[in-house]
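Just below is one structure, and these are the notes that go with it.
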Protein chains: 2
Amino acid sequence: MSDFAPTEARLQVTLSKYPGFPRDPAALVRLIKHLYKEIHDEANAVMKPYGLNHPEYNILMMMYGSPDNSLNPSQLADAAGEKSANVTRLTTQLCEKGYIARASSEDDRRKVTLTLTPEGIALIESFLPAIVTLLFRQTRKLDTTEQAQLEVLLKKMLAGYGE
Amino acid sequence: MSDFAPTEARLQVTLSKYPGFPRDPAALVRLIKHLYKEIHDEANAVMKPYGLNHPEYNILMMMYGSPDNSLNPSQLADAAGEKSANVTRLTTQLCEKGYIARASSEDDRRKVTLTLTPEGIALIESFLPAIVTLLFRQTRKLDTTEQAQLEVLLKKMLAGYGE
DNA sequence: AGTATATAGTTCATTTATGTATAATCAATA
DNA sequence: TATTGATTATACATAAATGAACTATATACT
C-alpha cells in the first residue's frame with residue numbers, strides 16, 4: 001500500500017520551519033502527484049503486453065471517445081494533455097503500427113484528420129478488459145457514493161486552474 | 001478555466017461503444033491526470049525565474065521537509081516519486097548549483113547523504129512565497145471543509161494501489 | 001572465515017518529452 | 001486581390017526520464 005504518512009510528516013516539518021506554508025493545499029497537491037504516478041506506472045504495466053505505453057493508450061482512447069473515431073492533432077493534444085509536438089510523434093508511431101490513419105482535411109487543408117483503423121479499434125477492444133479490471137482495482141477502496149463525491153470535489157478543484 | 005465537459009462527453013461515447021466501461025472510475029482517473037498536468041505546468045512556470053523546474057522543486061522540498069534538511073538518494077526517490085537514476089541526475093545538477101551537498105555516510109558506506117546547503121535553504125525560502133500563492137490559487141475553489149473531505153477521499157483512493 | 005545474497009547508488013544507452021523555428025493554409029481587410 | 005496576422009501541424013535540436021548493467025558495500029548463512 002502506498003503510504004502517505006511520511007509525506008504528512010514532511011509537511012509538519014515544513015510548517016515548523018516556515019509557518020506560512022499552507023498545509024492542506026500542499027497535501028492535496030502531493031496526493032494528486034502520488035496518485036498520478038501510480039496511475040501512470042500501472043497503466044504502463046498493463047499496456048506493455050500490447051506494445052503500448054500510457055500516453056499511446058490515452059491517444060487511442062481519446063479517439064475511441066469520439067463518435068466517428070477521429071480527431072485532429074490539436075484536439076488530441078487538448079484531450080490527452082500532451083504537447084502538440086508530442087502528439088505528432090505519438091500519432092506517427094501509431095500510424096506506423098497501423099492503428100490510426102492520417103488524412104488531410106478537406107474543409108481546412110491545414111488540418112489533419114486522424115482516424116482509428118479497424119485494427120486500432122480491434123486493439124482497443126482487446127485491451128479494454130484489462131483496463132476495466134485496472135480501473136476497478138484502482139478505485140476499489142471507494143464506494144460509489146464516495147466516488148461521486150470525489151468526482152465533484154476534483155472537478156471543483158480543476159475549476160481553479162487557468163482562469 | 002479547465003473544462004472537463006469534453007472528457008465527460010468522450011466517456012459517454014466510450015460507454016455507448018463498450019458498455020462494460022466503468023464510467024466513474026475512468027472519470028476519476030482522467031480528472032487526476034488533468035489536475036496533475038495543470039499542477040506540473042504551473043509549478044514549472046512559477047519555478048522558472050529561480051532556474052528550477054518542478055522535479056527539482058520537489059527534490060528541494062522533500063529535503064526541506066526533513067528535520068535535518070538531509071535525505072539519502074533512495075529516500076528522495078521514494079519521497080519525490082522519481083526513479084533512482086533520475087534522482088542521481090537531479091541531485092547532481094542541484095549540487096553543481098550549490099543548493100545541496102553530497103557526502104558518503106559513515107555508518108553505511110554504500111549510502112550517500114544529501115543535505116541542503118545554506119544557499120539551498122535561502123533559495124527555498126525565497127521562492128516559498130510564490131509557491132504559497134500558487135497553492136492557495138490552485139485550491140481556492142474549495143473551502144476548508146471541502147479540502148479536508150478531498151484529502152480523506154484521495155488518501156482512501158491511494159490506499160488501493162500497490163497492494 | 002568464506003561465500004552467497006541483498007542493497008545503495010551511479011553510469012550508460014535508449015526512449016520519451018519539450019521548446020523553438022518553419023511551412024502551409026486560412027481569414028480578415030484595405 | 002494583395003497583405004497582414006492567425007492557426008495548424010511538423011521538424012529539429014535539446015532536455016528529461018527510464019531500464020539495464022555495473023561497482024561497491026553490507027548482511028546472512030553454513
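As a whole-Å value, the separation of A:H54 NE2 from D:dT18 P is 13 Å. As a whole-Å value, the separation of A:L76 CG from C:dA17 C1' is 16 Å. Counting to the nearest Å, the C1' atom of D:dA9 and the CG atom of A:D107 are 15 Å from each other. Atom-to-atom, NZ of A:K83 to P of D:dA9 comes out at 17 Å; the value is rounded to the nearest Å. Regarding B:R89, its CZ atom lies at a distance of 13 Å from the P atom of C:dT10, rounded to whole Å. In this entry the distance linking NZ of B:K111 with C1' of D:dT27 reads 13 Å, nearest Å. Across the protein-nucleic acid pair, A:L52 atom CG and C:dT15 atom P stand 16 Å apart, rounded to whole Å. In this structure, CZ of B:R110 is placed 10 Å from P of D:dT25, rounded to the nearest angstrom.
A:N53 has a side-chain polar atom (N or O) that falls below the 4.0 Å cut-off from OP1 or OP2 of C:dT16.
When distances are taken from the side chain of B:N72 to each of C:dG9, D:dA20, C:dA17, the shortest belongs to C:dG9. When distances run from any side-chain atom of A:E82 to the nucleotides C:dT18, D:dT10, C:dT10, the shortest one goes to C:dT18.
Within 4.0 Å of A:S74, counting heavy atoms only, lie sugar-phosphate atoms of the nucleic acid but no base atom. Among the atoms of the strands shown, only primed sugar atoms or phosphate atoms (P, OP1, OP2) are found under 4.0 Å from some heavy atom of B:D108.
Nearer to the 5' terminus of DNA chain D, by closest-nucleotide assignment, is the contact made by A:P73 (compared with the other of A:H40 and A:P73). Mapping A:E56 and A:E106 onto DNA chain C via the closest heavy atom, the residue that lands nearer the 5' end is A:E56. Nearest-nucleotide positions on DNA chain D place A:V87 closer to the 5' end than the other of A:D41 and A:V87. Residue B:S84 is the one, among A:P55 and B:S84, whose nearest nucleotide of DNA chain C lies closer to the 5' end (criterion: closest heavy atom).
No N or O donor and acceptor, one from the side chain of B:R109 and one from the base of D:dT25, sit under 3.5 Å apart.
Checked against a 6.0 Å centroid threshold, the rings of A:Y57 and A:F127 count as neighbours.
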Start with the C-alpha distance between B:E56 and B:K97, add both sets of side-chain angles, then the distance that settles salt bridge (Lys or Arg N to Asp or Glu O under 4.0 Å), and finish with yes or no. CA-CA 11 Å; B:E56 289 168 327; B:K97 292 177 184 170; 3.5 Å; yes
Assess the residue pair B:T113 and B:S105 against the criterion (side-chain hydrogen bond (donor to acceptor under 3.5 Å, both in side chains)); give the C-alpha distance rounded to whole Å, side-chain angles, the decisive distance to 0.1 Å, and a yes or no. CA-CA 6 Å; B:T113 304; B:S105 271; 3.1 Å; yes
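None of A:N53, A:I131, A:L60 except one satisfies the side chain to side chain contact (heavy atoms under 4.5 Å, CB included) rule with A:M47; the exception is A:I131. Considering A:N72, A:I59, A:L76 as possible partners of A:L114, the one that fulfils the side chain to side chain contact (heavy atoms under 4.5 Å, CB included) test is A:L76.
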